[in-house]
Amino acid sequence: MQHVFSEVSTAIPTINGTEAATWSGLIMVLSHFSFRLFSVLLSSIPFTLSSTAGTAAETELAFNTLQEWYSNDTGLWTTAGWWNSANCLTTVGDLAAVDSSVAPTVQKVFSNTLVQAQKANLQMQKVVTASFNVETFYGPVFPSNVVVPESTNTKGFLNGFYDDEGWWALGWIQAYDVTKNTEYLQTAMDIFNDMSGGGNTPCGGIWWDKAQTYVNAIANELYLSVAAHLANRLPNDQSNYLNIALKQWNWFENTGMINSKNTINDGLTKSCEPNNGTVWSYNQGVILGGLVELATASGDPSYLLTASTIASAAISALSNSSGVLHDPCEPNCGGDGSQFKGIFMRNLGKLQTVRPKDEFLGFIESNKDSILKSNRDSKNRMGVVWSGPVTEPATASSHSSAMDALVAALALGV
Ligand SMILES: *[C@@H]1O[C@H](CO)[C@@H](O)[C@H](O)[C@H]1NC(C)=O
Ligand SMILES: *[C@@H]1O[C@H](CO)[C@@H](O)[C@H](O)[C@H]1NC(C)=O
Ligand SMILES: *[C@@H]1O[C@H](CO)[C@@H](O)[C@H](O)[C@H]1NC(C)=O
């Protein structure tokens, strides 16, 4: 318990809202503890659980279901793709940071995945569709119209796509935060080093891909976020990561990808104009976590105000009147789009810990409630439409994405 509480409090930047976040972490941990005690004593007696205790039990159940897809041999989650597995790693890492009962299992996942996933060496190629979703093809045999450039061949945690690399870097940083094992931090630094080679675009920022076909929001938000995360975790070597993160944000904010409604479009055209492409939830999410880390690293809380504005705009643009988050691809989001929404919730939760707003807390709670009520099948697997009914087949992508909303709710005590 002590270990969990110290994780919660040390992960929080020393800016506005620290005390509130620390207290909510403490309350969450205490009520989780009481739930475990009471559930042993009162298991056969009808008993109304507090919201947080209920969330803890449901989230642990969701974790056990997710792990049914985990392969020891590959260190990846079957039914989820390469970059999706990096997000599954982050999801279980986020849960381990606030729930000590799963931490030993999650630590085994970290150490196994570090060794095995690098060897799994998935041959793949990603294609941007007309709606700016992505379609990923996995080898070894590809459709005849899919060209696989040399640069996409996977090596370690690197491949031909800088966004995929960014997801793995963030997963290993979360593993480091939970364990303080510097091997995970070093892995993230090595991945970031490769990402920083993607910067020779005509538009500024980094390329999405090593084949240099597209400059988009996701790869560039991830580059910002990983740099800012590293700046905070390597304070003695801060200047470079912090400077990269600051430079990256100053560029990003002036590209026009953030539109007049404060939502973020998919990317830039070949002539470096905003392409007005689909407003996907994950592009509204990664930026929030990046700006939270940047506020801490730079000591400038104004980045949190920007993040708060983007978060509110995203909630307005992408949720139903009932306050449930939707992506425009639903219910047919494919293997990639089915991951998006959890990334928004994970990062909104991170923003809420440092710059709380009733709107955000209520949104996290209403999405958690909707998922638990309407989006689980008979095997407790969660689908891509959070307002239900559950879409089949539920995969490790759709399930881990919905689980991000549960983990965010648990961490915030709702
Ligand atoms: C996977 O590895 C863990 C830890 O070594 C072990 O407890 C579990 O039984 C293994 N699962 C399978 C299916 O081999
Ligand atoms: C995007 O929208 C803006 C504002 O409506 C417009 O000026 C611009 O031409 C559009 N860009 C593309 C690529 O359609
Ligand atoms: C709102 O939810 C309903 C039911 O799930 C869905 O059919 C509809 O597309 C949603 N609206 C938006 C804007 O996503």
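Start at 1 and go down the list; that is how both ligands and their atoms are numbered. These numbers were taken from a predicted model, which means no experiment stands behind them.
Within ligand 2, the atoms closer than 4.0 Å to a non-hydrogen atom of Pro274 are 11 (N), 13 (C), numbered from 1 in the order shown.
No option in Tyr184, Trp82, Trp83 other than Trp82 meets the ring pair (Phe, Tyr, Trp, His ring centres under 6.0 Å) test with Trp168.
Below 30°, between 30° and 60°, or above 60°: for Tyr223 and Phe192 the angle between ring planes is below 30°, a parallel geometry.
Distances from atom 2 (O) of ligand 2 to the protein include at least one heavy-atom value under 4.0 Å. Atom 14 (O) of ligand 2 is flagged as protein-proximal [any protein heavy atom, distance under 4.0 Å].
Closest heavy-atom contact between Gln116 and Gly75: CB-N, 3.7 Å.
If you check which protein heavy atom lies closest to atom 12 (C) of ligand 2, you get Asn276 ND2, 3.4 Å.
On a distance-only criterion, Asn275 and ligand 2 share no N/O pair closer than 3.5 Å.
Side-chain polar atoms of Asp327 and Trp280 form no donor-acceptor pair below 3.5 angstrom. Looking at Tyr214 and Asp266, their side chains do bring a donor and an acceptor atom within 3.5 Å of each other.
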